[in-house]
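The block underneath contains the structure these notes are about, expressed in structure tokens.
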Protein chains: 2
Amino acid sequence: MPAAPRSTPPTSHRTPAATPDPTQPSESPTGGADPDDRRSRKRRQTAEHLVRTAFALFAEHGYAQVTMEQIAAAADVAKGTLYNHFPVKEALVRARMHAELAEALPRLFAGLPPELGCAGRLRAFLHATAAYSEQARDYLPHYIAYRLGQPLDARGAENRSGLDRVYARLLADGQAHGEISADFPADLLADTLQFMHLGTLLRWLETPGLALADAFDAMLDLFLHGCATGGGR
Amino acid sequence: MPAAPRSTPPTSHRTPAATPDPTQPSESPTGGADPDDRRSRKRRQTAEHLVRTAFALFAEHGYAQVTMEQIAAAADVAKGTLYNHFPVKEALVRARMHAELAEALPRLFAGLPPELGCAGRLRAFLHATAAYSEQARDYLPHYIAYRLGQPLDARGAENRSGLDRVYARLLADGQAHGEISADFPADLLADTLQFMHLGTLLRWLETPGLALADAFDAMLDLFLHGCATGGGR
DNA sequence: GGACAAAATTGAACGTCGTACAATTTTCTA
DNA sequence: TAGAAAATTGTACGACGTTCAATTTTGTCC
């Protein structure tokens, strides 16, 4: 059985030849999962095992020093298997971060007080993520570079952080309440905000003294009100 | 700026052990060049030769199909020499784009009618770059991915497109005339605008029907005026 | 012009990444 | 229980990018 005839990847790039995507029913802001066969379960298990093994090595020797073969060997798995689950090294980082986000975002999102309005909820949400970003600082560059280096295809369900859904939800709410301008398509706003988020993270990573929460505040201010003055010129 | 403890590379990554960066005197919006020894001249010559050879091969066989060894062979140069000038393949793309921008930006910048104000000049400028981006579409993804994958050091004089300087200039002018809010630091605004520019390009690359000029208009609108309504909620 | 230092080039060897593929094993389905 | 689908294995391979010592070119100073 050489490889596969290809369809949509479940976790990374290997196909389970499953449903041809009948417009995913789950529309929660934190995304849906894949089937629950034993096969899928075992697949997730080995994937998680690989991620755990990899990050143990990363913590011990540093990300750059650890090779894919070392990871495979430490996980007691063939190199081909590792690449089956994670086509590139950065995909391991992505998997861990998305897993952590998938666990944290629902609580975070549910905990946002509706009375704050869209702007206030965005602000509270960003401040909450700031703490996480500071903790994951070492791996953020690799994650960001990998995410941004996927301009063409990507978009494949597993390549989304969950942040996009949160933003889309909050902004759509804001538009429904008249707090956010309906002149812009919701997806444009969500994409822009997510991109400004990444940009702010990059800036923060390069700027030693910068407090991330402050940077998020400025970003959000700019996103909401722009930088044009009423008068001038 | 706190990054490089070593001197600034002349073209790519090899250091000529020269001046310890005495705050570059040239502050034109289109950047300054390096010395004009015969050595530097020849270095530039071979670099240009390599870029020309590489792009000839790219045009013939496609970017991904061309290997670094093929480029070196076609340019009649050792592999080590090629890597001396361009440490990674994408650096060839960056070099060409920056060279083209260095040639085009001064004209473009000088041709912006001051009577348009900051917003109008930004708009005119972006529309002008749209034509160029459409022409360079094939290489944009590699360029963008390479640029964004340099979060830590980078910042090294040769890793800037020139766009940042144009933005900084226009926005500083806008702030001086009261057209742009002085609440935001100028460099934050320039960075944000440049990042939104990249984001818009990525979005455009992924969206078949999208007209780049329209996308720039929306982006600029959002940048200037934000997406918050006056009233609401 | 000649000597000497700095920089560029060369060529080859090396480690790693990521791919390809055929063989084997495990799991699902009927 | 048999056969299809999918995951795993192991190996081989092309390409990237690094390293390094030897050589050549270039600039500088006497």
Side-chain angles (χ1 to χ4, degrees), chain A residues 1-19 34-47 49-50 54 57 61-73 75-93 142 145-146 149, chain B residues 6-7 9-19 34-47 49-50 54 57 61-73 75-93 142 145-146 149:
Chain A
M1 188 69 19
R6 222 188 312 257
S7 61
T8 44
T11 294
S12 57
H13 72 301
R14 184 62 74 100
T15 159
T19 62
D34 30 13
D36 209 28
D37 320 292
R38 174 186 298 152
R39 208 169 255 174
S40 306
R41 239 174 303 140
K42 285 204 70 170
R43 185 175 177 81
R44 275 195 296 272
Q45 274 179 20
T46 51
H49 172 55
L50 289 171
L57 292 177
H61 304 108
Y63 178 79
Q65 274 61 48
V66 178
T67 77
M68 289 293 268
E69 282 177 340
Q70 286 171 12
I71 297 170
D76 196 27
V77 151
K79 187 182 169 186
T81 302
L82 175 56
Y83 273 101
N84 174 358
H85 288 269
F86 303 98
V88 300
K89 197 177 173 188
E90 289 82 11
L92 288 158
V93 178
H142 305 109
Y146 181 47
Chain B
R6 34 178 191 279
S7 64
T11 294
S12 58
H13 72 302
R14 183 66 74 100
T15 158
T19 62
D34 29 14
D36 210 28
D37 321 291
R38 175 188 295 152
R39 208 169 253 174
S40 306
R41 240 175 301 141
K42 286 205 71 170
R43 187 175 176 81
R44 275 194 296 271
Q45 272 180 20
T46 50
H49 172 55
L50 290 170
L57 292 177
H61 304 109
Y63 178 79
Q65 275 60 49
V66 178
T67 78
M68 290 293 267
E69 282 177 338
Q70 287 170 11
I71 297 170
D76 196 28
V77 152
K79 189 181 170 188
T81 302
L82 175 55
Y83 273 100
N84 174 356
H85 288 269
F86 302 99
V88 300
K89 198 177 173 187
E90 288 83 10
L92 288 158
V93 178
H142 305 109
Y146 182 48

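Worth knowing before you read on, the calculation uses all heavy atoms, side chains too, and leaves out hydrogens, waters and symmetry mates. In what follows, chains are A, B, ... by sequence order, proteins preceding strands, each numbered from 1.
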### Task
For N84(A) and dT19(C), give me the distance from atom CG to atom P, rounded to whole Å.
11 Å
### Query
Which whole-number value in Å describes the distance from R43(A) CZ to dT25(C) P?
21 Å
### Query
Which of the following nucleotides, dT26(D), dG18(C), dT8(D), is nearest to the side chain of T46(A)?
dT8(D)
### Query
In whole angstrom, what separates H85(B)'s NE2 from dC16(D)'s P?
18 Å
### Query
What is the distance from OH of Y146(B) to P of dC16(D), rounded to the nearest Å?
15 Å
### Task
Let me know the distance between OH of Y83(B) and P of dG17(D), rounded to the nearest Å.
4 Å
### Task
For L82(A) and dT8(D), give me the distance from atom CG to atom P, rounded to whole Å.
11 Å
### Task
State which of dC16(D), dT18(D), dC17(C) makes the closest approach to the side chain of M68(A).
dC17(C)
### Nearest-Å distance for atom pair CD/P, residues Q65(A) and dC17(C)
11 Å
### Query
T67(B) near the nucleic acid: base, sugar-phosphate alone, or nothing, with a heavy-atom cut-off under 4.0 Å?
sugar-phosphate
### Query
The side chain of K42(B) lies closest to which of these nucleotides: dT26(D), dG18(C), dG10(D)?
dT26(D)
### Task
Indicate, yes or no, whether a donor-acceptor pair under 3.5 Å links the base of dG10(D) to the side chain of K79(A).
no
### Query
Roughly how many Å is it from CD in E69(B) to P in dG11(C), rounded to a whole number?
13 Å
### T46(B): partners by side-chain hydrogen bond (donor to acceptor under 3.5 Å, both in side chains), with sequence neighbours left out
H85(B)
### Query
Looking at Y146(B), is K89(B) sitting on its ring face, NZ or CZ under 6.0 Å from the six-membered ring centre and within 45 degrees of the normal?
no
### Message
To check you understand the geometry: which heavy-atom pair defines the closest contact between L50(B) and I71(B), and what is its length?
### Response
O-CG2, 4.3 Å
#### Entry: Summary of salt bridge (Lys or Arg N to Asp or Glu O under 4.0 Å) pairs that have at least one residue in residues 78-87 of chain B, sequence neighbours excluded
E69(B)-K79(B)
